Amino acid sequence: MTSARAAVWVAFVAAAAYANSLGNGFAYDDNAIIAHNPVVTEGRVSEALLGPYWNAAPEGGRLYRPVTLGSFVAEWKLWGGSPLGFHAANVLGQVVVSLLVLALLGTLVPVIPAIAGAVLFAVHPVHVEAVANVVGRAEIYAAIPYLLACLIFVLPRFRSGEIRAVRLCLISLLYLIGLGAKESAVTLPGALLVLEWMRRSELPFARRIVADLPLFASLTAVLGGYLVLRVSVLGSLAGESMAPALMGVDTFERLLTAVSLWPEYVRLLLLPVSLSADYSPAVLLVARQIDPGVVLGLLTLGAVVGLGWMAWRRGAPLVAGGMAWFALTILPVSNVFFAAGLLLGERTLYLPSVGLSMAVAGVWPLLAGSPSRRVRRATLAVAAFAGLGLLTKTVLRNPTWYSTFTVLSTLAQDHPESALAVRTRAAGLDRVGEPDAAAEMWRMATSLLPNHYGMLVEAARFFGKVGLWGEADSLLSRAIAVSPSDPIAYQVRAEHLLRQGLGREAHRRALQGLAAAGPDRALWALVSESYVAKGDLDAAVRARHAALAQDPTSAQDWGRLADLLEAMDRPEEAKAARARATESAAATDAPGGTT
């Protein structure tokens, strides 16, 4: 088969695998990052390029991904806010990445093994979260420049004469673009070393690397510049907070947990029968000691290393290189060097799974090229059956990301032990009027994730609604301990105290929140209400003006200010405030307005 026909075949398979994701809407994080994000909906290009990826993230998540966020801004205007265009771009991105996998493998093996590896990548269901959910775009847009840089690195035509300078510039630029899409692209220099290690050459490996030292120096400079820019935008190098499940976990326990994840990596790559949108406890658990899960992880890791070494010694460098590729590219989210933002996420296996495609392409000639016709036929039959099974799983999995409801309902059905599923059941029981059962579910959810800020606050709101003030206050105290500078827990605590008629204590708590979190509209509004409870309307008006100083477009605050001014017999000022409230409400409801 020619390379052109192979490319057409791989592109068709990749598009077919995800065609039914085009009907999906915005689901889960899509809503906060795209549909309800004024940076995207109002086309604030400068903020997209020089601001945090998710500025209003409730539990950390302040990342710097200007390439990904910038694509959302451009596409919101292009598609008019329709999710169809976003999903079409994701499917097209998957096609492009699959073709790049084909091209990269084609430089290392003949066309048929390259097709086998690329088709595996194109249909693998572990990629559904990255492709069928719009914000998975970050994985795709990081993989495209990453793999293109790898392809330029290995192509012989870029290795001689003046073209080496062009090669250096192109790979450096692609590295910067990849970093701007997602932080996982940081591993590109290591991936280039793996590719050079796999390449057969008469020159020693060390000598070949020395010849490319200018390139690696350039990549180091690019990374340094990116990190400086990242710190200037986020205020720190880390940006994203650690997974709630890892809070309070010491280094030894974190490393044990990292080891215990390896059987799950292998399962998801080789037997992805059961998938999950959430791997928080109790889908996966933090390892507190050397338990059977850690032992299994050590055995799995040892088996991977051993198989890689055997493959290298027996002349199958692509198999060994594929294993090295996976180990390298999974590092940024593996919780080895630092606590990542999650225990495990299927979308984070997108780029690492290229290593599986490499391994399959490397082992294919050994099986399909066997002198035994029976072995060849069996290999083709198994490959066809596995490919069809993976394709079917992907097609059936795509609608899971149709909406937030389908994500959560599927999770509750497949993994009811998940803390997120328990949280969903708690909210559902509350909605149908079963507060006692809901309370038990909230207690279970907060015990599974005792340091999840958003869950603690949400549970506290519920317990406050049903009058269990002590339990609510205990949860809010835990939330404040987890994130002392986040204003939401202080807001909820002050609201609860006002509802109990404890105006003085509500005033104190709201001021405590302002001192810890800085100026905040909602907290100043609560200070205002605490003054109302004390009968000091002059102070209430001043505090309400302080709230409006944080957000002059708040119709709610202008309306409440008008009420206070009317109560103080200041009709002209009240009329002006009422007009501002009406004006702000109209602006909010207008197309393109904030909500």
Side-chain angles (χ1 to χ4, degrees), residues 101 104-105 107-110 112-121 124-127 150 154 187 190-200 205 255-273 290 292-336 344 346 348-370 372 375-376 378-383 385-387 389-390:
V101 172
L104 182 60
L105 293 178
T107 67
L108 302 168
V109 293
I112 296 301
I115 291 173
V119 167
L120 173 62
F121 184 90
H124 203 296
V126 82
H127 299 154
C150 290
V154 299
T187 59
L192 300 183
L193 291 175
V194 170
L195 290 170
E196 189 61 48
W197 175 61
M198 286 191 292
R199 192 171 70 89
R200 294 296 188 183
F205 174 70
L255 292 175
L256 290 179
T257 302
V259 170
S260 71
L261 295 177
W262 272 86
E264 196 67 13
Y265 294 152
V266 172
R267 183 194 69 79
L268 285 170
L269 291 179
L270 301 183
L271 195 65
V273 175
I290 300 178
V294 174
V295 173
L296 181 59
L298 287 170
L299 293 174
T300 303
L301 188 54
V304 169
V305 173
L307 288 172
W309 177 252
M310 288 174 57
W312 176 258
R313 293 293 300 270
R314 297 193 177 189
L318 198 55
V319 176
M323 294 179 177
W325 176 288
F326 180 87
L328 170 74
T329 53
I330 201 67
L331 273 179
V333 292
S334 65
N335 297 299
V336 171
L344 187 150
E346 289 167 14
T348 65
L349 297 178
Y350 189 79
L351 185 60
S353 70
V354 175
L356 176 63
S357 294
M358 289 180 175
V360 167
V363 79
W364 182 272
L366 302 179
L367 298 176
S370 170
S372 169
V375 173
R376 292 199 303 271
T379 299
L380 292 173
V382 170
F385 180 78
L390 293 173

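These numbers were taken from a predicted model, which means no experiment stands behind them.
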*Asks:* Can you confirm whether the side chains of Ser353 and His124 place a donor and an acceptor under 3.5 Å from each other?
*Replies:*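 Distance-only check fails for Ser353 and His124.
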
*Asks:* Taking side chain to side chain contact (heavy atoms under 4.5 Å, CB included) as the definition, give me every residue that meets it alongside Thr329, ordered by chain and number, with sequence neighbours left out.
*Replies:*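 Scan of Thr329 (side chain to side chain contact (heavy atoms under 4.5 Å, CB included), adjacent residues dropped) gives Tyr146, Thr187, Trp325, Leu351, Pro352.
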
*Asks:* Does any part of the side chain of Val304, heavy atoms only, come nearer than 4.5 Å to the side chain of Phe326, both counted from C-beta?
*Replies:*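 Heavy-atom side-chain distance check fails, nothing below 4.5 Å.
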
*Asks:* Could you tell me whether the side chain of Ser357 and the main chain of Gly117 form a donor-acceptor pair under 3.5 Å?
*Replies:*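 Yes, Ser357 side chain to Gly117 backbone: donor-acceptor pair under 3.5 Å.
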
*Asks:* Closest approach of Pro272 and Leu390, non-hydrogen atoms and distance?
*Replies:*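 Pro272 and Leu390 have their closest heavy atoms at CG-CD2, 3.7 Å.
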
*Asks:* Starting at CG of Leu195, measure out to CG of Leu318 and round the result to the nearest 0.5 Å.
*Replies:*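 CG of Leu318 is found 9.0 Å from CG of Leu195.
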
*Asks:* Give the minimum heavy-atom separation between Trp197 and Ala324, together with the two atoms involved.
*Replies:*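 That closest heavy-atom pairing would be CZ3-CB, 4.3 Å.
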
*Asks:* For Arg267, does the CZ atom sit with more than 12 other heavy atoms under 6.0 Å from it, leaving out its own atoms?
*Replies:*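 Counting neighbours around CZ of Arg267, more than 12 heavy atoms of other residues, nucleotides or ligands fall under 6.0 Å, so yes.
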
*Asks:* Tell me which pairs pass salt bridge (Lys or Arg N to Asp or Glu O under 4.0 Å) where either residue lies in residues 320-336, with sequence neighbours left out.
*Replies:*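 Non-adjacent pairs meeting salt bridge (Lys or Arg N to Asp or Glu O under 4.0 Å): zero.
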
*Asks:* So if I apply the side-chain contact (heavy atoms from CB on, under 4.5 Å) rule between Leu344 and each of Ile330, Val333, Asn335, Leu268, which one comes out positive?
*Replies:*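 Going through the options one by one, the only one that passes is Leu268.
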
*Asks:* In Å and rounded to the nearest 0.5 Å, what is the CE to CG distance from Met198 to Leu108?
*Replies:*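 CG of Leu108 is found 5.5 Å from CE of Met198.
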
*Asks:* Is it the case that atom CG in Leu299 sees more than 12 heavy atoms from other parts of the structure closer than 6.0 Å?
*Replies:*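 Counting neighbours around CG of Leu299, more than 12 heavy atoms of other residues, nucleotides or ligands fall under 6.0 Å, so yes.
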
*Asks:* Is there side-chain contact between Leu356 and Leu270, with heavy atoms separated by less than 4.5 Å?
*Replies:*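 Yes, close enough: below the 4.5 Å cut-off.
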
*Asks:* Check Pro263 against Thr300 and note the closest heavy-atom contact, atom names and distance.
*Replies:*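 Here Pro263 and Thr300 meet closest at CG-OG1, 3.5 Å.
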
*Asks:* For the residue pair Pro110 and Pro113, what are the closest heavy atoms and their distance?
*Replies:*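 Nearest pair, atom of Pro110 first, then Pro113: O-CD, 3.1 Å.
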
*Asks:* Of all the heavy-atom pairs spanning Leu105 and Ala118, show the shortest one and how long it is.
*Replies:*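 Reported closest heavy-atom pair: CD1-N, 3.9 Å.
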
*Asks:* Between Leu328 and Ala191, which heavy-atom pair has the shortest distance, and what is it?
*Replies:*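 The answer is CD2-N, 3.1 Å.
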
*Asks:* Is Met358 close to Leu104 at the side-chain level, that is, under 4.5 Å between some pair of heavy atoms?
*Replies:*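 A side-chain contact under 4.5 Å exists here.
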
